[in-house]
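Following: one structure in structure tokens, then a few remarks.
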Number of protein chains: 2
Amino acid sequence: MARKSGSHSEITGPRIRTEAQRLFARHGFAAVSMRQIAAAVGLQAGALYLYTPDKETLLFDLLKGHMDDLLAAWARVPAAATPLGRLESFVRFHIRFNLERAEAVFLSYMELRNLGPANFAAIENLRRAYENELEAILRAGQAEGGFLLPDSKLATLAIIAMLTGVNIWFREGGRLALATVEEIYWDMVRKAVGA
Amino acid sequence: MARKSGSHSEITGPRIRTEAQRLFARHGFAAVSMRQIAAAVGLQAGALYLYTPDKETLLFDLLKGHMDDLLAAWARVPAAATPLGRLESFVRFHIRFNLERAEAVFLSYMELRNLGPANFAAIENLRRAYENELEAILRAGQAEGGFLLPDSKLATLAIIAMLTGVNIWFREGGRLALATVEEIYWDMVRKAVGA
DNA sequence: TTTGATATTGAACGGCTGTTCAGATAGCCT
DNA sequence: AGGCTATCTGAACAGCCGTTCAATATCAAA
């Protein structure tokens, strides 16, 4: 048959993805060459093509994997009983998850334009699915009368933009601890939705 | 002496900057070649070097110009009497100005990493100066007792991230008019600062 | 030890990169 | 009309690009 245990492909594949993500996030997709990625893994450039059909697909797999992880992780968060509770969960989850994967988040916002139309649409759909999770919470809170907002779609986009902004400036060991940041943003979001 | 009226350099220079901004915003700095920029203007690549010492400086001039314009435009906005009035002015100004220059805004957020340390620091300082304008308003509102926010620096960054997010989705002729969007965001910001 | 698939190398492909510069072109000024 | 200079061309430079592929190394299974 074939080799099983110790097969290099089970190690090399993930390492390629890890190094590619690091380099793409650091220098940008177009600025990183396949030879640089290969060198970071300790390979020649040709070997990368055992693991990806081309450079764009390598990027797509990173973005797709990130969005899948994001949706799966949010699905695992226990749903609170009230819209207010679910909104708080969402705020804390989004900040925490995105900070844990800063490079992947950066890529997902910056390198979409390097995808072909089909791949672009696929990522866009996942992004929209995530946005819909938040919008459903806002609509529920609106229906119950607890939230007061003029437009649930705009509120969704505004809140996500605001929360994702944390990634730009937050640094471990900085002025504020993660828990404090979560608290402050939750306070602002809660007020913004009128609850 | 030299040629004055009708001199091509007074036309070619701005055209190079315009086309470079368009292409950089569309495809990314690293993905656009000097030959592509030259072709868009109707020149050979060599001619660009009459107008910029190198590619990075061309990018820097675009980013610097945008930040200078931003700060100058904000300085021209009449200061309202109260912090609440000044905050409203800022919200409306930021949304409107950024939408009018979507490409420059996109560049300023995405291509900072292609700058050398000195150029990067110069842009960062201008960005910080702009943030300080908003933070001063928030602090004044806090001192007066009209605003209620746990951290003025975080509120500054959160509000700017939220407002800049409009650029991602807003399209002329879409579901909502610009004036309506301004209204909705102002409502959310006002609530978020507890006023 | 042989077999045979897996995993990788290293060279090659045509083409593009940022930048330089000698030479051609064009248009204002005298 | 002639001279001067700002403006631009076109070729060249050394080097890197994504991708392909025959040849080779590695190692589990037989």
Side-chain angles (χ1 to χ4, degrees), chain A residues 1-24 26-63 107 111 113-116 118-119, chain B residues 1-24 26-63 107 111 113-116 118-119:
Chain A
M1 299 279 282
R3 286 193 285 180
K4 280 188 313 195
S5 80
S7 176
H8 284 190
S9 81
E10 287 164 18
I11 297 171
T12 306
R15 283 198 58 202
I16 289 174
R17 265 179 282 274
T18 301
E19 294 297 334
Q21 178 166 100
R22 198 177 57 84
L23 288 167
F24 287 162
R26 196 105 70 195
H27 309 290
F29 174 76
V32 174
S33 71
M34 294 300 266
R35 284 170 180 84
Q36 282 173 60
I37 299 168
V41 182
L43 294 174
Q44 296 299 316
L48 299 182
Y49 291 85
L50 272 302
Y51 300 91
T52 184
D54 51 46
K55 194 186 177 191
E56 186 196 319
T57 304
L58 178 53
L59 174 64
F60 174 72
D61 287 343
L62 291 174
L63 301 192
L107 272 188
E111 305 293 357
R113 60 183 165 191
N114 292 295
L115 262 31
N119 284 342
Chain B
M1 298 278 282
R3 286 191 285 180
K4 280 188 313 198
S5 80
S7 176
H8 285 192
S9 81
E10 286 165 16
I11 297 171
T12 305
R15 283 198 59 204
I16 289 174
R17 266 179 281 276
T18 301
E19 294 297 333
Q21 178 166 100
R22 199 177 56 84
L23 288 167
F24 288 162
R26 197 104 71 196
H27 309 291
F29 174 76
V32 173
S33 72
M34 295 299 266
R35 283 170 180 83
Q36 282 173 59
I37 298 169
V41 181
L43 295 173
Q44 297 298 317
L48 299 182
Y49 291 84
L50 271 301
Y51 299 92
T52 185
D54 51 46
K55 195 186 177 191
E56 186 196 317
T57 304
L58 178 53
L59 174 64
F60 174 72
D61 287 343
L62 292 173
L63 301 192
L107 271 190
E111 306 291 358
R113 61 184 164 192
N114 292 296
L115 262 30
N119 284 342

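Numbers restart at 1 for each chain; the letters A, B, ... are given by sequence-line order, proteins then strands. Below, all heavy atoms of this structure are taken into account, side chains as well, without hydrogens, waters or symmetry copies. Model, not experiment: these values are computed from the prediction.
Residue Leu115(B) holds its CG atom at 5.5 Å from CG of Leu63(B), rounded to the nearest 0.5 Å.
For Ala31(A), the side-chain contact (heavy atoms from CB on, under 4.5 Å) test picks out His27(A), Ala30(B), with sequence neighbours left out. In this structure, the side-chain contact (heavy atoms from CB on, under 4.5 Å) partners of Ser33(A), at least two apart in sequence or on a different chain, are Arg35(A), Gln36(A). With sequence neighbours left out, the side chain to side chain donor-acceptor pair (under 3.5 Å) criterion links Asn114(A) to Glu111(A). With sequence neighbours excluded, the residues forming a side chain to side chain donor-acceptor pair (under 3.5 Å) with Glu56(A) are Asn119(A), listed by chain and number. Take Thr18(B) and apply the side chain to side chain donor-acceptor pair (under 3.5 Å) test, not counting sequence neighbours, and it matches no residue. Annotation: side-chain contact (heavy atoms from CB on, under 4.5 Å) contacts of Arg22(A) (sequence neighbours excluded): Glu19(A), Arg26(A), Ala40(A), Glu103(A).
Residue whose closest nucleotide on DNA chain D sits further toward the 5' end, between Ala31(A) and Pro53(A): Ala31(A).
Residue Gln36(B) has a polar side-chain atom (N or O) positioned under 4.0 Å from OP1 or OP2 of dT17(C). Here Ser33(B) does not reach the OP1 or OP2 of dC16(C): none of its side-chain N or O atoms lies under 4.0 Å away.
Sorted by first then second residue, the ring-ring contact (aromatic ring centres under 6.0 Å, His included) pairs that include residues 43-63 of chain B, not counting sequence neighbours, number zero.
Axis angle between the ends of the helix from dT1(C)-dA30(D) to dT30(C)-dA1(D), five pairs each and rounded to 10 degrees, works out to 0°.
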Would you mind building the protein contact string for nucleotides 8-14 of chain D? One character per nucleotide, 5' to 3', B for base within reach (heavy atoms under 4.0 Å), S for sugar-phosphate only, - for untouched.
BBB-B--
